[in-house]
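Just below is one structure, and these are the notes that go with it.
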Amino acid sequence: MSEALDRSGLRAYTNARVALRSTGTSLATSEQLDLALCLAEARDAVHAELSTVTLVPRLTALGLEVLAVRSAARDRAEYLRRPDLGRRLSVASRAELQEPTQGQQQALNGAPAPTPPSLAIVIADGLSAIAVERHAIPVLEMLLPMLDKWQAGPVAVAEQARVAIGDEVGEVLGASATLLLIGERPGLSAPDSLGAYITWAPRVGRSDAERNCVSNIRPEGLSYEAAARKIAGYLNQARRLQLTGVALKEEQDQLEQ
Amino acid sequence: MPYRHTIRGITYAFESLRDLLARASPPRSGDELAGIAAASAAERVAAQMALADLPLSEFLHEPVIPYEQDEVTRLIMDSHDRGTFVPLGSLTVGEFRDWLLSEEATGDLLAGLARAFTPEMVAAVSKLMRLQDLVQVARKIRVVSRFRTTVGLPGTLCSRLQPNHPTDDPAGIAASILDGLLFGAGDAVIGINPVSDNVATVTTLLRMVDRIRERYRIPTQSCVLAHITTQLKAVERGAPVDLLFQSIGGTEKTNASFGVNLALLDEAYEAGLELRRGTVGKNVMYFETGQGSALSANGHHGVDQQTCEARAYAVARRYQPMLVNTVVGFIGPEYLYDGKQILRAGLEDHFCGKLLGLPMGCDVCYTTHAEANDDDMDALMTMLGVAGVNYIMGVPGADDVMLNYQSTSFHDIAYLRAALELRPAPEFEAWLEREARMELTLQGLLNA
């Protein structure tokens, strides 16, 4: 239909799938197979399990205290059908989190309570464990030095988890804010996109309008450094305004403009 | 009031009309998530049998969400055309299905009765229908809308060209527009979902598409699908707004979650009409909907997701829209689990919309976490084509690189037109036949 026209140059301007090769009105075989591979990779990403075994030592190496937790969803099949369960900790994980952490134990033993606001960090598999495994550590490596006005940690590594699980983790830990890094829903062109959610005063039942989000973190999208700067910006604003969500976003947008 | 049905000595009871509708609904994950689905396959059929015996007039006596609590219920009740409903009033839901499928119920007759039907009536009858019934009735009804093109004529299939880009980059968007136009897509609208919901972005993108349209004299309309309040601000600042877009749902609470209500939509409609930018007609509104949005917003009041969806069409038809489409598989597997559920939902939505008098299109789509793939999309788009859908989406390679979901491609539109012998909108077809496309270049688009 349009083969007479040269469309090959279009690809330089967008990562959208323009200028695909056709046969008749249909896609050429190689294009069809390429799309099939991209879908296969995205589907594999959705169903991949988070490798806590490799993640935990890398977090410990950053000087962070690490806690492994699970949501109330038993497996991926239940996770996909029951978002409500993915937003809550399992009974066992909640009980474990309620045990005083090392830091809190020291405080109980007579050390003064921390004056800077405390930040609970949650690393959640979400819909792409691959995104978490590839990008969570590099983002934290960039981010932690920017958080000098915070007491960062501990880190909860959460399986079968959705965004709102950060509310319960933060609440149980008594944190001033939660930073949650989570695997976003894979697209055909981005199976490993990481999202970051910042919630001030995390409590079970917070709505999504009460948090801020930094999306599409991956080398081909928002770089680690740019993402870390945005996250730190939101956190520092949140500390000043004592809130997150729509009101904070509008301020941040004005700053960026 | 309670309803009951007895099968082989077992009596199934349903505590309200809302409960009866939910339990009569063909299975889907969203109703299960809400805890309102039938507990067994037999209970579902018992509910369908009880529903089949129910007079249509019952829906006027027992709103599924109280009149006092919900402005969408008030809209449905207050705009119901009791005069044309009189001859239908004695039918049961089962008899209504039989009549819809009979030769007596012609497309013209059905189109004239649109305001006699309420969303709950058409949702109810759809629950007694197989997929072929949903196709058979919908294909009788043509709902035609006009702005610069005429969409919905018999024998045509139009498309929304959806040139989204992950950073709203004008050159990237122009590249996708060019690719789509070369394939004959874009006669329903060139509609961009922006990443940034602000007036500056909306205005920049609208100006670009408008210049392209003017330079190459392309008969179509444009839209940047930001929040309606952002689009209204762009109108105030003189941006070239053709169609005004908004996502809507079937309850007041769902609409509140989208940041809209009827008063705001009324205001937008008036503003759109005043622009007078259409050349062949003045349908100025564009709405998107989708099963599951009410539950997602915790605004479903125990009403099943398909009935909530049909109620959204009562909101849409208040504004004589140019375009309405369900974004059927976008919401995810917790609402529509797999290809089978998406297929049925897409055909239900198209059927209900057409019966209620809407120019229905469909975003035939799925996400990577649903149990679906291209084969399921092929089945849905082909059945919708047979059912006479007004338009589908055109996304490069069906891969939306901004919204991260799989829709339909420029190739899919070409396939459907070829397989079912369907043509573009007449104004757009005339432009295609002039071979004006041969003049298109990316530099030309960017410098338009």
Side-chain angles (χ1 to χ4, degrees), chain A residues 1-7 9-20 22-27 31-32 34-36 38-47 76-77 79-84 86 127-128 184-191 193 207-209 215-216 220-222 253 257, chain B residues 29 32-33 163-167 169-176 178-184 195-196 198 200 257 296 298 332-334 337 367-371 373-374 395-406 409-419 437-438 440-442 446:
Chain A
M1 161 178 264
S2 55
E3 295 309 286
L5 285 158
D6 180 24
R7 299 179 295 140
L10 296 180
R11 279 255 162 167
Y13 294 87
T14 177
N15 65 333
R17 292 173 193 269
V18 293
L20 296 179
S22 309
T23 172
T25 56
S26 305
L27 282 178
E31 302 281 16
Q32 186 111 303
D34 183 44
L35 278 163
C38 292
L39 177 62
E41 286 176 338
R43 300 272 302 151
D44 286 346
V46 167
H47 293 276
R76 205 60 344 195
Y79 174 82
L80 290 173
R81 281 177 178 271
R82 293 289 304 272
D84 52 328
L127 285 166
S128 176
E184 296 182 330
R185 189 182 73 207
L188 293 196
S189 298
S193 190
S207 83
D208 288 340
S215 186
N216 194 28
E220 303 82 6
L222 190 66
D253 285 352
Q257 282 172 5
Chain B
S29 50
E32 288 159 19
L33 178 63
N164 296 342
H165 187 274
T167 61
D169 177 52
I173 288 169
S176 290
L178 176 58
D179 205 42
L181 290 172
L182 293 176
F183 259 86
V195 180
S196 305
N198 62 55
S257 81
S296 172
N298 197 23
E334 60 268 41
Y337 187 69
T367 57
T368 48
H369 63 320
E371 289 296 323
N373 66 16
D374 299 334
V395 178
D399 171 19
D400 190 309
V401 293
M402 195 286 269
L403 293 171
N404 272 340
Y405 77 118
Q406 290 72 247
S409 67
F410 306 141
H411 291 80
D412 291 331
I413 295 155
Y415 146 72
L416 212 48
R417 284 177 179 162
R437 277 181 299 169
M438 306 309 276
L440 298 175
T441 62
L442 187 62
L446 290 173

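Scope of the values below: all heavy atoms of this structure, side chains included, with no hydrogens, waters or symmetry mates. Chain letters run A, B, ... following the sequence lines, proteins first and then strands; every chain starts at 1. Since this is a predicted model, take the numbers as computed values, not measurements.
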Contact part of [X] toward chain B, heavy-atom cut-off under 4.5 Å: side chain, backbone, both or neither?
X	result
A:Ser189	both
A:Leu27	both
A:Leu188	both
A:Leu35	side chain

- Quick one: are A:Arg185 and B:Tyr405 in side-chain contact, heavy atoms under 4.5 Å?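 A side-chain contact exists here, since the closest heavy-atom pair is under 4.5 Å.
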Can you tell me which portion of [X] sits under 4.5 Å from chain A's heavy atoms? Options are side chain, backbone, both or neither.
X	result
B:Ala370	backbone
B:Pro166	side chain
B:Leu403	backbone
B:His369	both

- Message: If we define contacts as heavy-atom pairs under 4.5 Å, which of A:Arg76, A:Arg81, A:Glu31 has the most with chain B?
- Response: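 Of the candidates given, the most pairs with chain B belong to A:Arg81.
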- Message: Using the ring-ring contact (aromatic ring centres under 6.0 Å, His included) criterion, which residues pair with B:His411? Sequence neighbours excluded.
- Response: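 Only B:Phe183 meet the ring-ring contact (aromatic ring centres under 6.0 Å, His included) criterion with B:His411.
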How far apart are the closest heavy atoms of [X] and [Y], and which atoms are they?
X	Y	result
B:Ala175	A:Thr14	CB-CG2, 3.9 Å
B:Asp179	A:Val18	OD2-CA, 3.3 Å
B:Gly397	A:Leu20	CA-CD1, 3.5 Å

To the nearest 0.5 Å, what is the distance between [atom1] ([X]) and [atom2] ([Y])?
X	Y	atom1	atom2	result
A:Gln32	B:Asp374	CD	CG	7.0 Å
A:Tyr13	B:Leu178	OH	CG	11.0 Å
A:Asp208	B:Ser257	CG	OG	11.0 Å
B:Thr167	A:Leu222	OG1	CG	11.5 Å

- Query: Hey, which of B:Thr367, B:Asn404, B:Thr368 is the one that makes side chain to side chain contact (heavy atoms under 4.5 Å, CB included) with A:Pro186?
  - Reply: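 When side chain to side chain contact (heavy atoms under 4.5 Å, CB included) is applied between A:Pro186 and each of B:Thr367, B:Asn404, B:Thr368, only B:Thr368 qualifies.
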- For A:Asp44, salt bridge (charged side-chain N to carboxylate O under 4.0 Å, His left out) partners two or more places apart: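 Salt bridge (charged side-chain N to carboxylate O under 4.0 Å, His left out) list for A:Asp44, sorted by chain: empty.
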